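Sequence lines set the chain letters: A, B, ... in the order given, protein chains first and strands last, and positions in each chain run from 1. Nothing here was measured: the structure is a model prediction, and the numbers come from that model.
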There are 2 protein chains.
Amino acid sequence: MTTAQPPETEEPDSEEPGAEEPGTDEPGTVRPGGRTARVRAAVLRAAGDALAEHGFAQLDLADIARRAGVGKTTVYRRWGTVTGLLADLLADMARTSPRTETGSLLGDLEANARLVRRTLADPRQGRLFRAVIAAATCDERTAAALHRFYESRIAEWEPCARQAVERGELPQGTDTHEVIRAVSAPLYYRLLATGAPLDEESAHRAAQAAYAAACAGAYVREHTGVYEAQG
Amino acid sequence: MTTAQPPETEEPDSEEPGAEEPGTDEPGTVRPGGRTARVRAAVLRAAGDALAEHGFAQLDLADIARRAGVGKTTVYRRWGTVTGLLADLLADMARTSPRTETGSLLGDLEANARLVRRTLADPRQGRLFRAVIAAATCDERTAAALHRFYESRIAEWEPCARQAVERGELPQGTDTHEVIRAVSAPLYYRLLATGAPLDEESAHRAAQAAYAAACAGAYVREHTGVYEAQG
DNA sequence: GTACTAACGGAACTACGGTTCCATTAAGAC
DNA sequence: GTCTTAATGGAACCGTAGTTCCGTTAGTAC
């Protein structure tokens, strides 16, 4: 959100074979320094603000351009659509922040639950997440960026579950990523589906439930050997 | 979705005190018979189809009117906005369908998990749910309709958990609604956030995890007496 | 059956999100 | 410093989602 670097680097080369000139790049790739970088940072910042205020549907790029102090032509040229901009914003949000370590699995799960709850319950962040998730339901690129975002967040916390397996606290064969996901799931379900409050107790329950289920072997990989990989 | 009856009956009388004429009702309330009912049914059906095909953002009411064989003026007059129409659609979806009863809590939770998984994994239904949830992030009325929808679905399955408490299978003081919600949560988390596949194993895990957590007392109401009610 | 009018629907209209054009600014190479 | 041209931004433009107008259709009362 603060600094900026080239986005959309994972573009799969070309959508249709033999389109336009082969070497033509997106704007912003040849001279990514000074102004270009400032524009990108300002626009992503403004996009986050606008999303948090209006939500996904009521959003138009002209408003974002105005907030960013940038011409709307620039925004349309660089990102094209609201969902395209959000995909870039998600890539920017995906950079990991160091997690706390409490030494015990239950303690780490509680810490994770509190962090997720606090993020989703925060007015600005909560709206931002809801908006981004809504956008992902409308656009494949945004959805892919969202999945990468959660992959990186889950991977960041997974070691605490893996260590618990290694020291015998959780059963052998436990899908450790799934343990971490289990902490977030009930909190997101409240945020998006039921609208139940995201209070401290909901976070505590989420961590306790994930821990109890993991100990009972609910996340041990079963039958098929298909789901070995992280998935 | 098939039959139709007056929607928006839970309208809180008037938004602003002293607006327009006091007795003027929404169109469709004075002569709700024949044509009006057919129009409503056709439009809701078409809205579901269009949502499943295009998603929430790419939707316009003129297209829905065309599919329904109805004038677009009528759609705008009756529902006004996409989110307003979706709120009505959700009210229509909220009517409960009888659930299966297997006699054991784990069996019922498994049945619920399979039902939810099948619904969300179905191409049409899955898109429909994602679209409706996306719409709910953008509009308060739609969000309220969505919450009512899940309230009714959860309430439909809650008895199996309550009976389990009564016969001592689950601890006294367990929040039985929360047990049911715990089954859906990981499946919705996959659908909306991580994009992980909604396969049979995910449903099995969801039920197993909810059961294990409930047995371990993770859903027992704690500390504060504030959360006695269903919430 | 007739009368009354709620509700519908086609067509013209409006407003605004999104695009195109081109002059201006400044990044990067030397 | 100069030169080249990538990138920006204002202004005019366009297409379509959403509105208004008003004549037509058909529920409901009698």
Side-chain angles (χ1 to χ4, degrees), chain A residues 4-8 20-21 23-44 46-47 50-51 54-86 88 135 138-139, chain B residues 4-8 20-21 23-44 46-47 50-51 54-86 88 135 138-139:
Chain A
Q5 71 261 59
E8 4 218 345
E20 292 104 55
E21 296 91 85
T24 307
D25 284 306
E26 310 274 271
T29 54
V30 179
R31 288 178 183 173
R35 182 169 59 170
T36 296
R38 283 195 302 274
V39 164
R40 177 175 288 131
V43 168
L44 291 187
L51 268 187
H54 302 314
F56 163 62
Q58 285 78 344
L59 209 62
D60 76 304
L61 297 192
D63 175 54
I64 291 175
R66 212 173 306 120
R67 288 163 182 263
V70 155
K72 74 169 180 168
T73 315
T74 300
V75 177
Y76 280 108
R77 185 169 35 223
R78 285 272 288 277
W79 290 280
T81 65
V82 171
T83 52
L85 178 55
L86 296 203
D88 195 7
C138 304
D139 178 72
Chain B
Q5 71 260 57
E8 2 218 345
E20 292 104 57
E21 296 91 87
T24 307
D25 283 306
E26 310 276 270
T29 54
V30 180
R31 287 179 183 173
R35 182 170 59 170
T36 296
R38 283 194 302 276
V39 165
R40 177 175 287 132
V43 169
L44 291 187
L51 269 188
H54 303 314
F56 164 61
Q58 287 76 346
L59 209 62
D60 77 304
L61 297 190
D63 175 54
I64 291 176
R66 212 173 306 121
R67 288 164 182 263
V70 153
K72 76 169 180 168
T73 315
T74 300
V75 177
Y76 279 109
R77 185 169 34 223
R78 286 272 288 276
W79 290 280
T81 65
V82 171
T83 52
L85 178 55
L86 295 203
D88 195 8
C138 305
D139 178 74

K.L.:
Below 4.5 Å, heavy atoms only, C-beta onward: do Trp79(B) and Arg40(B) meet side chain to side chain?
P.N.:
yes
K.L.:
Tell me: CD of Glu26(A) to C1' of dA6(D), nearest whole Å?
P.N.:
14 Å
K.L.:
Starting at atom CD1 of Ile64(A), determine the distance to atom C1' of dC16(C), rounded to an integer number of angstrom.
P.N.:
16 Å
K.L.:
Rounded to whole angstrom units, what separation is found between the CZ atom of Arg35(B) and the P atom of dA6(C)?
P.N.:
13 Å
K.L.:
Whole angstrom is fine here: how far is it from CZ in Arg77(A) over to C1' in dG10(D)?
P.N.:
12 Å
K.L.:
For Arg66(A) and dG18(C), give me the distance from atom CZ to atom P, rounded to whole Å.
P.N.:
12 Å
K.L.:
Could you check how far CD of Gln58(A) sits from P of dC16(C), rounded to whole Å?
P.N.:
15 Å
K.L.:
Roughly how far apart are Tyr76(A) OH and Ile64(A) CD1, rounded to 0.5 Å?
P.N.:
9.0 Å
K.L.:
How many angstroms lie between CG in Leu86(A) and CG in Asp139(A), if you round to the nearest 0.5 Å?
P.N.:
9.0 Å
K.L.:
Give a yes/no on whether any side-chain N or O of Arg40(B) is located under 4.0 angstrom from OP1 or OP2 of dA7(C).
P.N.:
no
K.L.:
Identify the heavy atoms of Leu85(B) and Ala47(B) that sit nearest to each other, and give their distance.
P.N.:
CD2-CB, 3.8 Å
K.L.:
Would you say the side chain of Lys72(A) and the base of dG17(C) hold a donor-acceptor pair, judged only by whether the two atoms sit under 3.5 Å apart?
P.N.:
no
K.L.:
Quick one: does Thr73(A) reach the base of dG10(D) with a side-chain donor-acceptor pair under 3.5 Å?
P.N.:
yes
K.L.:
Take Ala62(B) and Gly71(A), find for each the nucleotide of DNA chain D with the closest heavy atom, and name the residue whose nucleotide sits nearer the 5' end.
P.N.:
Gly71(A)
K.L.:
Taking the minimum atom-to-atom distance to the side chain of Val39(A), which one of dA6(D), dT8(D), dC8(C) wins?
P.N.:
dT8(D)
K.L.:
Is the distance from OP1 or OP2 of dA27(C) to the nearest side-chain N or O of Arg38(A) less than 4.0 Å?
P.N.:
yes
K.L.:
Mind checking the OG1-CZ spacing from Thr74(A) to Arg35(A)? Nearest 0.5 Å is all I need.
P.N.:
8.0 Å
K.L.:
Taking only side-chain nitrogens and oxygens of Tyr76(A), does any of them come within less than 4.0 Å of OP1 or OP2 of dG18(C)?
P.N.:
yes
K.L.:
Quick check: any donor-acceptor pair below 3.5 Å linking the side-chain of Thr36(B) to the base of dG27(D)?
P.N.:
no
K.L.:
Measure CG/Asp63(A) against P/dC16(C) and give the value in whole Å, please.
P.N.:
14 Å
K.L.:
How many whole angstroms separate atom CG of Asp60(A) from atom C1' of dA17(D)?
P.N.:
14 Å
